[in-house]
2 protein chains.
Amino acid sequence: MTKVKPPQNLRSGEQALDAIDARILSVLDKDARLPMSELARLVGLSAPSVAERVRRLVSDGVIRAFTVDVDSRALGYQIRAMVRIRPLPGKLHLVEKLIQDTPQFIECDKVTGDDPFLARLVVHSIEEMDDVLEALSDHAVTSTAVIKGASVKRRIPPL
Amino acid sequence: MTKVKPPQNLRSGEQALDAIDARILSVLDKDARLPMSELARLVGLSAPSVAERVRRLVSDGVIRAFTVDVDSRALGYQIRAMVRIRPLPGKLHLVEKLIQDTPQFIECDKVTGDDPFLARLVVHSIEEMDDVLEALSDHAVTSTAVIKGASVKRRIPPL
DNA sequence: GTTGAAAATAGCACGAA
DNA sequence: TTCGTGCTATTTTCAAC
């Protein structure tokens, strides 16, 4: 039996992106405020064409939003950490709500495995980190890994 | 001895953001392509004023970039996972390079603790996940937690 | 997808609070 | 300093092709 690469799994009703869409995404990923006129120049199309393509990428859900990359350190949050959170029996939903209501958790995924939550935490100081984690300690066990740096900065998936 | 809340830790030469800057960040976080004129309307200032503030936020490094939030699922990457990666002795840098050279890893933090790397993985299928993880298996031990959903979608830190 | 015109927007200089 | 006004250049949008 020959092993074959599976085809790209596209959601129903979708078209694969062509090379120009890929370039558009790549350029917008670096600077989403680029004027359509210049984006057009970069991808070798007219401005109305790229504007239409961008609109299509948005309505297709490929582009979920145009947003800003905010540097939490520039805001004084000098410590970042990834926190694995394991609620005590019966406390899953309470803990999830606590996480959501703690603004220092700027991201939290629900995952499989021993620890149902994996959250990204930003704090100004070790003391603040302790405050946040202690607030969970009656309801969950946490494992904290301080972020020392990034090997891969957020990037778009291969197109 | 009285315990006091530490002051907000600002980087040297920086000013705290005022309420209007906070609103600007909050609005741009939702739609970074908003015209300055409308952003101005939303925060109650004139267009040149907000444009100047946005420029200042960029040059101060608070806004690192304007970018797009791309939905990996809309691109066919139907499985996301967080992978903890522990290189075998002496293979730290080799493994880091392997991660960087694997485009399905769309993010990777270097963290303290038993597992030096924590990476976000997107794949089209379980088979593709196996391919990616197997490529690491000679040089590292991995622990994979499949993402079932998000409790907290990426948001900006409290201002 | 392209071109060209109209409308909206951004950028700049200057004045006011 | 920080914000507002008026002008000009650029950009976006919509039409027709």
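- Axis orientation changes by 40° from one end of the helix from C:dG1-D:dC17 to C:dA17-D:dT1 to the other, with each end axis drawn from 5 pairs and the value rounded to 10°.
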Under 3.5 Å, which donor-acceptor pairs do the side chains of residues 94-104 of chain B form with other protein atoms, sequence neighbours left out?
| unit_1 | atom_1 | unit_2 | atom_2 | d |
| --- | --- | --- | --- | --- |
| B:Glu96 | OE2 | A:Ser151 | OG | 2.5 |
| B:Lys97 | NZ | B:Asp101 | OD2 | 2.8 |
| B:Gln100 | NE2 | A:Ser151 | O | 3.0 |
| B:Thr102 | OG1 | B:Leu98 | O | 2.7 |
| B:Gln104 | NE2 | B:Glu128 | OE2 | 2.7 |

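- Sorted by first and then second residue, the salt bridge (charged side-chain N to carboxylate O under 4.0 Å, His left out) pairs with a member in residues 26-36 of chain A form an empty list; sequence neighbours excluded.
- Atom P of nucleotide D:dT13 and atom CG of A:Leu39 are separated by 13 Å, given to the nearest angstrom.
- Atom CD1 in A:Ile20 sits roughly 13 Å away from atom C1' in C:dT2 (whole-Å rounding).
- Scanning for side-chain contact (heavy atoms from CB on, under 4.5 Å) contacts around B:Pro116 gives B:Arg86, B:Pro87, B:Leu92, with sequence neighbours left out.
- Partners of B:Lys153 under the side-chain contact (heavy atoms from CB on, under 4.5 Å) rule, at least two apart in sequence or in another chain, are A:Arg64, B:Ala150.
- At least one side-chain nitrogen or oxygen of B:Arg53 sits closer than 4.0 Å to the OP1 or OP2 atom of D:dC3.
- For A:Arg23, there are no salt bridge (charged side-chain N to carboxylate O under 4.0 Å, His left out) partners two or more places apart in sequence or in a different chain.
- For A:Ser143, the side-chain contact (heavy atoms from CB on, under 4.5 Å) partners two or more places apart in sequence, or in a different chain, are A:Arg84.
- Salt-bridge annotation for B:Lys91 and B:Asp138: absent, with no side-chain N of the basic residue lying under 4.0 Å from a carboxylate O of the acidic one.
- Evaluation of the side-chain contact (heavy atoms from CB on, under 4.5 Å) rule for B:Arg80 yields B:Ser72, B:Val122, B:Ile147 as partners, not counting sequence neighbours.
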Check your understanding: Going 5' to 3' along nucleotides 3-17 of chain C, which nucleotides have protein heavy atoms under 4.0 Å from the base (write B), which only from the sugar-phosphate (write S), and which from neither (write -)?
Key -> B-----SSSB-----
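- Following rounding to the nearest Å, A:Arg41 (CZ) and D:dT11 (P) show an atom-to-atom distance of 10 Å.
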